[in-house]
Number of protein chains: 2
Amino acid sequence: MTRSVLTEEEEQAILALPTQEVVLRSRQDYLHIGQKTSYACLVIEGMIGRFGQTSDGTRQITAFHVPGDMADLLSIVRPLGIGGLNALCETVILRVPHSALRAVAARYPAIAEAFWRDCMLDAAILMEWVVNVGRRNAQTRIAHIFCEMSIRSGRDREALQAYAFPITQEQLGDAASLTGVHVNRTLKALRDVVTLTNGMVHIHDWVKLTRIGDFDSTYLVGDTFAERQKPLWAAA
Amino acid sequence: MTRSVLTEEEEQAILALPTQEVVLRSRQDYLHIGQKTSYACLVIEGMIGRFGQTSDGTRQITAFHVPGDMADLLSIVRPLGIGGLNALCETVILRVPHSALRAVAARYPAIAEAFWRDCMLDAAILMEWVVNVGRRNAQTRIAHIFCEMSIRSGRDREALQAYAFPITQEQLGDAASLTGVHVNRTLKALRDVVTLTNGMVHIHDWVKLTRIGDFDSTYLVGDTFAERQKPLWAAA
DNA sequence: CGCGAACTTGACTGTAGTCAACCTGCGTGG
DNA sequence: CCACGCAGGTTGACTACAGTCAAGTTCGCG
């Protein structure tokens, strides 16, 4: 919820939500494709991938969710058919019932809007994902993903040098629409600029990486108002 | 707004919104990439494409918006950076100010939820788009797009046989991440199943088309509740 | 009638996929 | 404590789907 500006009281209301901690094993499917859910999940530790699938079973990762992300917030208004969710490594999540989220959204319109905006930021990331997968070559695609995850992984500056990205080359291929073999070759070619080892990304040259990755971070901004807009809902 | 269930009063409130009709020439950019907007636009006639772009200027269409769609509803909560909008043919739209939409959303929570859900359905379509572009071959991609647009174009059964899809092969390539040349060849190969001529799609064998297109329409359903959920916002 | 946009076709190229073998490092059980 | 198994990573040889370039053709419109 760092994507919107909220008041003290609103933040308290969110922190007071009833939650249930769940630990997912690595590779565990938390939500199957087409499965209905009545909880939303907040990632605490680890990483979750959202995926779609073709009929022959090939998976395509459509989003990564890092700690702090609500991975299936959109299920509040559309509980069915939001794709599958899979833990990319051992992952800790907090399950929050839709009913509680609806209650707090009803009481605080600004929170409802923050939820909505959060979903829309995910949608903006998804649009960029289509461009990435559809229009860029292997090197650029992978470099772009590394850039995006760098920004999203850290509020601190040091994520520009190194951050945790606990995935295998095969999974990176599922995200970039490449085979594991080609990811391997591409990473080798990028060796001087960025490396992925043991679930850690090390960026050796950020400027070069953004250039190779055709990366412009503006699509990642959340609340675009310098100050909070008042009243957030024009009438009330 | 056929994607959610609303009461008579709520429908009236939406119909009473202040609007301004605008006619777009074919190929006209209505919204540039990165441009901020304070209106949302409802497509009345024609077709609008949302697109992203790489730094070398290659476009990638990420969504088609047919009459009845709100093409940039998401701009209400995130007015910046929602990609560009381009009229694919001569198109009539209705511009609605954000302020009016916010007002009606604040007064009728069910409408706010319907807006949000509408955005989430677009997001679900976008996820499928990633899978399509990332994981399927040319024939399957194009067939899939034809299937999706068939369902979205018509509430009536006859859209399963023919519907308006006023785009060029080049534009279809921008959507499917293919070159115009390859679209042309692929359409030739699909000739017995589906044809695109003069902005009309004619489907000669729907079953075969869905099979080639690896198409399952469940991701297109909007309001998944058989009846309207009451109360829609749990508290109120 | 003539222009231009869209479509069509052919020949050649290139990026990424496929298949297959092999290496490396880690955790488990004998 | 070592041996084994296995997941993940690495490399090479070959293939194929789609891109590129270039030269037509068709058709609608002024």
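On a predicted model such as this, the values are computed, not experimentally measured, just so you know. First the proteins, then the strands, lettered A, B, ... as listed; each starts at 1.
Annotation: the terminal axes of the helix from C:dC1-D:dG30 to C:dG30-D:dC1 meet at 30°, where each axis is the rotation carrying the C1' atoms of four end pairs onto the next four (5 pairs per end, rounded to 10°).
We find that A:R59 and A:D29 are joined by a salt bridge, their nearest charged nitrogen and carboxylate oxygen being less than 4.0 Å apart. Salt bridge status for A:R135 with B:D174: present, with a side-chain N to carboxylate O gap under 4.0 Å.
Listed pair B:K188 / C:dC7 fails the phosphate criterion, with no side-chain N or O lying under 4.0 Å from OP1 or OP2.
Using a 4.0 Å cutoff on non-hydrogen atoms, no part of residues 45-55 of chain A comes near DNA chain D. Across residues 128-147 of chain B, B:N137, B:A138 each have a non-hydrogen atom less than 4.0 Å from an atom of DNA chain D (numbered order).
Close approach of DNA chain D to chain A, defined as any atom under 4.0 Å from a non-hydrogen atom of the protein, starts and stops at D:dG8 to D:dA13.
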Assess whether salt bridge (charged side-chain N to carboxylate O under 4.0 Å, His left out) is satisfied between A:R136 and A:E128, documenting all intermediate values.
CA-CA 11 Å; A:R136 301 204 251 247; A:E128 189 63 29; 2.7 Å; yes
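Atom pair B:Q169:CD and C:dA5:P shows a separation of 16 Å (rounding to whole Å applied).
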For residues 180-193 of chain B, which side-chain N or O atoms pair as donor and acceptor with protein atoms under 3.5 Å away, sequence neighbours left out?
| residue | atom | partner | partner atom | Å |
| --- | --- | --- | --- | --- |
| B:N184 | ND2 | B:Q169 | OE1 | 2.9 |
| B:T186 | OG1 | B:H182 | O | 2.6 |

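Between A:F64 and A:W129, the ring center distance clears the sub-6.0 Å criterion.
Aromatic ring orientation, B:H204 versus B:H202: parallel (interplanar angle below 30°, classes split at 30° and 60°).
Side-chain atoms of A:D214 and B:T54 include no donor-acceptor pair closer than 3.5 Å.
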Each nucleotide of nucleotides 18-24 of chain C classed B (base within 4.0 Å of a protein heavy atom), S (only sugar-phosphate) or -, in 5' to 3' order, makes BB-----
